[in-house]
Amino acid sequence: MAQNIYDRPEFFTGYSGMRRSVHGLDGASEWPAVRALLPDLAGKRVVDLGCGFGWFSRFAVSQGAASVLALDISEKMIARARADTTEAAITYEIADLEHLTLAQASFDFAYSSLALHYIEDFAGLVATVYRALLPGSHFVFTIEHPIFMAPTNPAWATDAEGRRIWPLDRYSVEGPRTTDWLAKGVVKQHRKLGTTFNTLNAAGFAIRHVEEWSPNEDELHDNPDWAEELDRPMFLLIAVQR
């Protein structure tokens, strides 16, 4: 079973106060780049893997999606999503993505935002999503970039000359990374870039777009504190097609 860190009171409280939790998709720095990867959602049957508060699920319906199955392991997340949702086309369910079953050829689009780096059996989940999609369907997801996840101590440091550096180590040692982020003992699963892409290819997906997100000039003008994202990538955006 995947770690359900989001139902810990201290984690849920901290996460609820984050910009992306308060302002939804517009509060997520990577959202404009993610939105550019989305296909036309009109009439689509969508599965949202790790739906959180349901922001994307509601967006999909606003874009004409016929239905959305929104899944999350967190009871607190699902409860909040249901409370904030009036759209009958969205079905929220508690589910462990580590052991997910989906009906074959039952969806036209799959989406996931910053959830799959918690999954140990990434290959199993990718195979499940592939079987659940109709031929030609797209799968768009974001994860923490492996350069961001890999370090033993993922925090900026300063070298002898006073330069800010990201202390990358153990990049080729795949597996769990335990950090203290909003709560103690948060476990994520580090995978190399090659492992991620090869797993998608092995399942049958064709890779359509890969983006190591960084802010553009306009975004930096409005959010100067994002400048550190130019020194190391935090997010990896991937679009594949069945």
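One-based numbering along the sequence shown.
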State, without any angle test, whether Gln104 and Arg131 hold a side-chain donor-acceptor pair at a distance under 3.5 Å. no
Ignoring hydrogens and angles, tell me if any N or O in the side chain of Thr128 forms a donor-acceptor pair with the backbone of Gly124 under 3.5 Å. yes
Less than 3.5 Å apart, any donor N or O on the side chain of Ser106 or Arg45 sitting next to an acceptor on the other? no
Hey, does the side chain of His117 reach the backbone of Glu144 with a donor-acceptor pair shorter than 3.5 angstrom? yes
Determine whether a donor-acceptor pair (N or O, by modelled atom type, separation under 3.5 Å) exists between the side chain of Glu174 and the backbone of Lys192. yes
Between the main-chain N or O of Leu49 and the side-chain N or O of Ser112, is there a donor-acceptor pair closer than 3.5 Å? yes
Please confirm whether the backbone N or O of Thr158 pairs with a side-chain atom of Arg164, one donor and one acceptor, at under 3.5 Å? no
Is a donor on one side and an acceptor on the other found under 3.5 Å between the side chain of Ser137 and the backbone of Leu133? no
State the CG-NZ distance between Leu38 and Lys44, to the nearest 0.5 angstrom. 11.0 Å
For residues 52-60, which side-chain donor-acceptor pairs fall under 3.5 Å, sequence neighbours excluded?
from  : atom 1 : to    : atom 2 : distance (Å)
Ser57 : OG     : Asp48 : OD2    : 2.8
Arg58 : NH1    : Phe53 : O      : 3.0
Arg58 : NH1    : Thr85 : OG1    : 2.9
Arg58 : NH1    : Tyr92 : OH     : 3.4
Arg58 : NH2    : Phe53 : O      : 3.0

Is there a chain of hydrophobic side chains (I, L, V, M, F, W, Y, each step under 4.5 Å between heavy atoms) that links Ile165 to Met234? no
Do the ring centers of Phe139 and Phe141 come within less than 6.0 Å of each other? yes
Do side-chain atoms of Asn223 reach the backbone of Trp226 as a donor and acceptor pair under 3.5 angstrom? no
Please determine whether residues Val47 and Leu134 belong to a single hydrophobic cluster, defined as Ile, Leu, Val, Met, Phe, Trp and Tyr linked transitively by side-chain heavy-atom distances below 4.5 Å. no
Examine the side chains of Glu211 and His209 and answer whether a donor and an acceptor come within less than 3.5 Å of each other. yes
Any Phe107 side-chain heavy atom under 4.5 Å of Leu69 side chain: yes
